[in-house]
Amino acid sequence: MTTDNDAANTPAPMDSPGTDASTEASRGWDHIGAIIVDATLQRRQNYNETVKPRVEALVAEWPDAATTSGFREHLDSGTLSEVIDWPSPGRLAQVEDITQVFERQGIETVAELRGTLEDHAKGAALRAALALVRHVSPKTLDYIGTLSGIPTGAADVPPAGVQELP
């Protein structure tokens, strides 16, 4: 059963060429910094009231943080908490940790993130590395896929060490 408020805690749909929006919606950002911040802040927060305005502020203030290296340059300035109006050091540390995983995995763009998640071996390695970050649950891992533009359910890469049956 759905209600009018079901969409209140999810990002707005993005246009996805070649798909029928009535049966499949792809949500996300074309901005690495936005994906990292969104995935970090979404835990136990109202999306439309708390997360979305902060991510939109980040994209507006740091448009060149659409790549991991661009985001890193801004992170190193130490002003993220002011840009997104978020004083909690725990969430800011999680942003740093996820960014480091992307850097170690060589993920620079949203397209590379999406491609890595869609590749069985690379996706499993990325998911395993991200799972080591505090507060990154399997649900968060799936959400990162959704934010990168992978349709819901398409990022079902098994965790590292789990083999699929033929």
Side-chain angles (χ1 to χ4, degrees), residues 4-16 25-118 122-123 125-152 154-155 157:
D4 290 338
N5 291 329
D6 283 351
N9 289 321
T10 58
M14 279 182 31
D15 291 333
S16 181
S26 177
R27 298 179 297 266
W29 303 99
D30 192 25
H31 191 284
I32 285 285
I35 289 173
I36 294 169
V37 170
D38 190 319
T40 300
L41 297 184
Q42 57 80 31
R43 182 173 39 92
R44 289 189 247 146
Q45 299 297 322
N46 179 291
Y47 186 81
N48 288 319
E49 291 179 19
T50 305
V51 179
K52 185 178 179 184
R54 286 170 168 82
V55 176
E56 289 174 339
L58 173 83
V59 171
E61 188 75 22
W62 294 355
D64 55 336
T67 63
T68 301
S69 59
F71 189 57
R72 164 58 63 205
E73 285 183 37
H74 285 289
L75 277 182
D76 289 347
S77 74
T79 60
L80 178 63
S81 64
E82 290 84 26
V83 171
I84 64 171
D85 189 26
W86 196 273
S88 167
R91 303 271 176 129
L92 298 173
Q94 186 179 2
V95 166
E96 174 66 34
D97 293 344
I98 292 172
T99 302
Q100 287 178 3
V101 170
F102 284 9
E103 289 170 328
R104 285 192 303 265
Q105 295 285 321
I107 295 169
E108 182 66 11
T109 66
V110 174
E112 290 173 357
L113 173 59
R114 186 172 44 251
T116 298
L117 289 169
E118 290 175 329
K122 290 180 183 177
L126 175 60
R127 289 173 67 86
L130 286 169
L132 297 175
V133 174
R134 186 177 175 155
H135 298 298
V136 174
S137 67
K139 186 175 178 178
T140 304
L141 294 170
D142 289 342
Y143 187 58
I144 290 171
T146 299
L147 293 175
S148 72
I150 297 173
T152 304
V157 176

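Treat the numbers as computed from the prediction; the structure is a model and nothing was measured.
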Next item on the list: Could you check if a side-chain atom of Ile150 sits within less than 4.5 angstrom of a side-chain atom of Glu118, using non-hydrogen atoms only?
Entry: yes
Next item on the list: Run the numbers on Leu132 and Val101 for side chain to side chain contact (heavy atoms under 4.5 Å, CB included), then give the verdict.
Entry: CA-CA 9 Å; Leu132 297 175; Val101 170; over 6 Å; no
Note to self: I'd like to know if the side chain of Arg91 and the backbone of Arg43 have a donor-acceptor N/O pair within less than 3.5 Å.
What the structure shows: yes
Next item on the list: With sequence neighbours left out, write down each residue that passes side-chain contact (heavy atoms from CB on, under 4.5 Å) with Ala66, or none if nothing qualifies.
Entry: His31
Next item on the list: Report the residues that fulfil side chain to side chain donor-acceptor pair (under 3.5 Å) with Ser137, sequence neighbours left out, ordered by chain and then residue number.
Entry: Thr140
Check: What residue pairs, at least two apart or across chains, pass ring pair (Phe, Tyr, Trp, His ring centres under 6.0 Å) with a residue in residues 61-116?
Finding: Trp62-His74
Next item on the list: May I ask you to test the Leu58-Leu80 pair for a side-chain heavy-atom distance under 4.5 Å?
Entry: yes
Item checked: Which residues share a side-chain contact (heavy atoms from CB on, under 4.5 Å) with Ala111, sequence neighbours left out -> Thr109, Arg114
Checklist line | Pairing residues for Glu82 by the side-chain contact (heavy atoms from CB on, under 4.5 Å) criterion, not counting sequence neighbours | finding: Thr79
Next item on the list: For residues Gln45 and Arg54, determine if any side-chain heavy atom of one lies less than 4.5 Å from a side-chain heavy atom of the other.
Entry: no
Notebook entry, point to check: Which residues satisfy the side-chain contact (heavy atoms from CB on, under 4.5 Å) test with Arg44, sequence neighbours excluded?
Noted result: none
Notebook entry, point to check: For Arg127 and Leu117, what are the C-alpha separation, side-chain angles and deciding distance, and is it a side chain to side chain contact (heavy atoms under 4.5 Å, CB included)?
Noted result: CA-CA 8 Å; Arg127 289 173 67 86; Leu117 289 169; 4.3 Å; yes
Notebook entry, point to check: So does Glu73 have more than 12 non-hydrogen atoms from other groups sitting under 6.0 Å from CD?
Noted result: no
Margin query: Test of understanding: with side chain to side chain donor-acceptor pair (under 3.5 Å), list the residues that count as partners of Gln94, not counting sequence neighbours.
Written below: none
Item checked: For Glu103, salt bridge (charged side-chain N to carboxylate O under 4.0 Å, His left out) partners two or more places apart -> Arg72
Check: Hey, mind stepping through Thr50 and Leu41 against side chain to side chain contact (heavy atoms under 4.5 Å, CB included) and telling me if it holds?
Finding: CA-CA 8 Å; Thr50 305; Leu41 297 184; over 6 Å; no
